[in-house]
Amino acid sequence: ESFKRIHEVEEKVQAFLTLDEERARAKAKELDEKLATEEEFGLLFGMPIGVKDNIVTKGLRTTCASKILYNFDPIYDATVVQRLQEADAVTVGKLNMDEFAMGSSTENSGFQLTRNPWNIECVPGGSSGGSAAAVAAGEVPFALGSDTGGSIRQPAAFCGVVGLKPTYGRVSRFGLVAFASSLDQIGPITRTVEDNAYLLQVISGLDPMDSTSANVDVPDYVSALTGDIRGLKIAVPKEYLGEGVSEEVRQSVLHALKVLEGLGATWEEVSLPHSKYALATYYLLASSEASANLARFDGVRYGYRTDNAKNLIDMYKQTRSEGFGNEVKRRIMLGTFALSSGYYDAYYKKAQKVRTLIKQDFENVFEKYDVIIGPTTPTPAFKIGEKTSDPLTMYANDILTIPVNLAGVPGISIPCGLVNGLPVGLQIIGKHFDESTIYRVAHAFE
Ligand code: GLN
């Protein structure tokens with residue numbers, strides 16, 4: 001069924017970089033046999049799932065949408081992919097993204113342009129644009145994305161689907177090609193909150209292969225969907241409804257808050273005073289980490305290697321200048337500069353200090369409130385090509401999602417209305433490791 005739908009719409013949406021039809025069909029057959037002979041079935045039995053192309057899959061091309069990895073076939077599965085298999089899910093293919101997850105529109109893919117299924121002249125968001133578009137177009141009911149500064153929540157908002165960035169440490173990053181290791185998290189993108197809870201259940205938990213994965217019990221997320229939010233205390237940061245946020249988006253969020261009030265919750269305005277520094281802090285830290293992480297793509301170990309090198313140094317240089325796209329190069333230069341001797345204290349170290357202040361803002365609010373609510377993005381999806389010439393306006397898209405990554409807390413985006421035929425996302429942010437409360441609130445809308 002999934003493949004039927006994929007063959008119908010993929011020409012327009014272009015969400016997939018690689019399809020794995022043969023193996024998926026073999027797996028489905030295997031599951032049919034299991035159905036006849038066994039009694040225990042995985043939580044995602046027979047469910048088709050698409051995987052973002054920066055999550056490694058054994059024997060299945062994994063490119064990070066970069067020319068530098070155009071021919072890379074990993075020799076192992078990421079922990080999340082392994083867990084999907086144990087849960088009897090069926091991987092159908094790999095999803096398009098911004099190159100190395102750097103971007104907010106999937107226009108930085110080295111290979112193809114993914115379109116927003118709600119309006120094919122608009123971007124699907126990014127960097128997990130392929131994941132969100134595939135779910136929105138009905139190609140797959142489940143997808144995995146990754147979120148470093150908003151890359152799950154922002155495309156989920158633009159495509160009218162449900163996307164969760166788990167608490168940092170909740171989900172193993174083993175086998176996720178690193179962008180900014182202190183911020184990256186893998187998370188679920190689905191049509192419903194319930195499906196989202198099932199998928200998180202499967203991929204969560206301690207992994208000895210990832211030293212940053214946390215040894216914190218994984219609760220039963222699905223049983224948290226009680227529909228009961230009486231007495232819930234909601235904080236609404238004034239920075240999240242102020243300048244830069246479009247009036248229609250503001251109205252959609254205020255309407256959602258009314259609905260929650262009707263269900264017995266209360267809300268108050270609060271402040272996250274350091275949010276205004278989040279964007280600058282993020283782009284310094286994320287680029288610094290990226291410049292170190294991307295050093296491994298040197299033409300020796302994997303992927304692309306130039307044909308025109310005169311010697312070893314020249315080979316590194318040519319390979320990287322031919323293999324990486326412009327945005328990736330911009331980040332590597334920015335990060336290398338920020339980390340260089342003489343500038344480290346002024347930029348990188350300072351950004352780390354501001355990060356701590358941002359984290360404390362969240363801790364202060366969570367002393368008194370259960371969740372924080374605001375929009376996911378300042379506006380709905382924009383037109384293809386509209387922001388490609390100006391990196392700063394592109395970066396500004398993430399202004400409401402980035403603080404959450406810096407603080408390490410979990411956040412979800414769920415649909416909360418339509419403006420001119422385009423979905424608006426509501427962001428619900430929770431305490432560390434309290435995805436259950438986020439799901440309970442999100443589910444109250446379903
Ligand atoms: N858009 C942000 C960036 O370009 C976030 C990316 C992400 O979360 N992977 O860095």
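Atoms within each ligand, like the ligands themselves, are counted from 1 in listed order.
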[X] versus ligand 1: do any nitrogen or oxygen atoms come within less than 3.5 Å of each other?
{"X": "Ser151", "result": "yes"}
{"X": "Asp147", "result": "no"}
{"X": "Met102", "result": "no"}
{"X": "Gly126", "result": "no"}
{"X": "Ser146", "result": "no"}
{"X": "Gly149", "result": "yes"}

Under 4.0 Å from a heavy atom of [X]: which atoms of ligand 1 are those, numbered in the order shown and with their elements?
{"X": "Gly103", "answer": "1 (N), 2 (C), 3 (C), 4 (O), 6 (C)"}
{"X": "Phe179", "answer": "9 (N), 10 (O)"}
{"X": "Ala101", "answer": "6 (C), 7 (C), 9 (N)"}
{"X": "Ser127", "answer": "9 (N)"}
{"X": "Gly150", "answer": "8 (O)"}
{"X": "Ser104", "answer": "1 (N)"}

- Partner of Asp73 under salt bridge (charged side-chain N to carboxylate O under 4.0 Å, His left out), chosen from Arg61, Lys58, Lys94: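 Among Arg61, Lys58, Lys94, the one meeting salt bridge (charged side-chain N to carboxylate O under 4.0 Å, His left out) with Asp73 is Arg61.
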- Would you mind checking which non-hydrogen protein atom is closest to atom 5 (C) of ligand 1, with the distance to 0.1 Å?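 Protein heavy atom at minimum distance: Tyr282 OH, 3.3 Å.
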- Item | Heavy atom of the protein closest to atom 1 (N) of ligand 1 (residue, atom name, distance) |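 Sorting protein heavy atoms by distance from atom 1 (N) of ligand 1 puts Asp398 OD2, 2.7 Å first.
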- Query: Taking it one step at a time, do Val259 and His255 satisfy side chain to side chain contact (heavy atoms under 4.5 Å, CB included)?
  - Reply: CA-CA 6 Å; Val259 172; His255 180 258; 4.0 Å; yes
- Task: Would you mind reporting whether Ile429 and Val371 have side-chain heavy atoms less than 4.5 Å apart?
- Result: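 No, their side chains stay 4.5 Å or more apart.
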- For Asn326, does the CG atom sit with more than 12 other heavy atoms under 6.0 Å from it, leaving out its own atoms?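 Open.
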- Item | NZ (Lys317) with more than 12 external heavy atoms under 6.0 Å |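 Open.
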- Determine the sole option in Val409, Ile372, Asp147 for which the side chain to side chain contact (heavy atoms under 4.5 Å, CB included) test with Val404 is passed.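 The option that passes is Val409.
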- Query: Is the charged tip of Lys67 near the ring of Phe324: under 6.0 Å from the six-membered ring centre and within 45° of its axis?
  - Reply: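 No cation-pi geometry.
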Would [X] count as a contact of ligand 1 if the rule is a heavy atom under 4.0 Å away?
{"X": "Tyr283", "value": "yes"}
{"X": "Ala286", "value": "no"}
{"X": "Arg331", "value": "yes"}

- Query: Do Asp298 and Arg301 meet the salt-bridge criterion of a basic N to acidic O distance under 4.0 Å?
  - Reply: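 Answer for the salt bridge query: yes.
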- Message: Any carboxylate oxygen within less than 4.0 angstrom of a Lys/Arg side-chain nitrogen, looking at Arg83 and Glu86?
- Response: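 No, Arg83 and Glu86 are not salt-bridged.
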- Derivation and outcome, side chain to side chain contact (heavy atoms under 4.5 Å, CB included), residues Lys52 and Ser151: CA-CA 11 Å; Lys52 188 176 180 180; Ser151 279; 4.2 Å; yes
- Under-4.0 Å heavy-atom contact with ligand 1, by part of Gln185 that carries it: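 Neither part.
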- Task: Just let me know how Thr148 lines up against ligand 1, side chain, backbone, both or neither, with a heavy-atom cut-off below 4.0 Å.
- Result: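 Under 4.0 Å from ligand 1, Thr148 contributes backbone and side-chain atoms.
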- Flag the pair Phe100 / Phe179 as yes when their ring centroid distance falls below 6.0 Å, and as no otherwise.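 So the answer is no for these two rings.
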- Message: Can you confirm whether or not the ring centre of Tyr76 sits under 6.0 Å from the ring centre of Phe174?
- Response: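 Yes: the rings meet the under 6.0 Å criterion.
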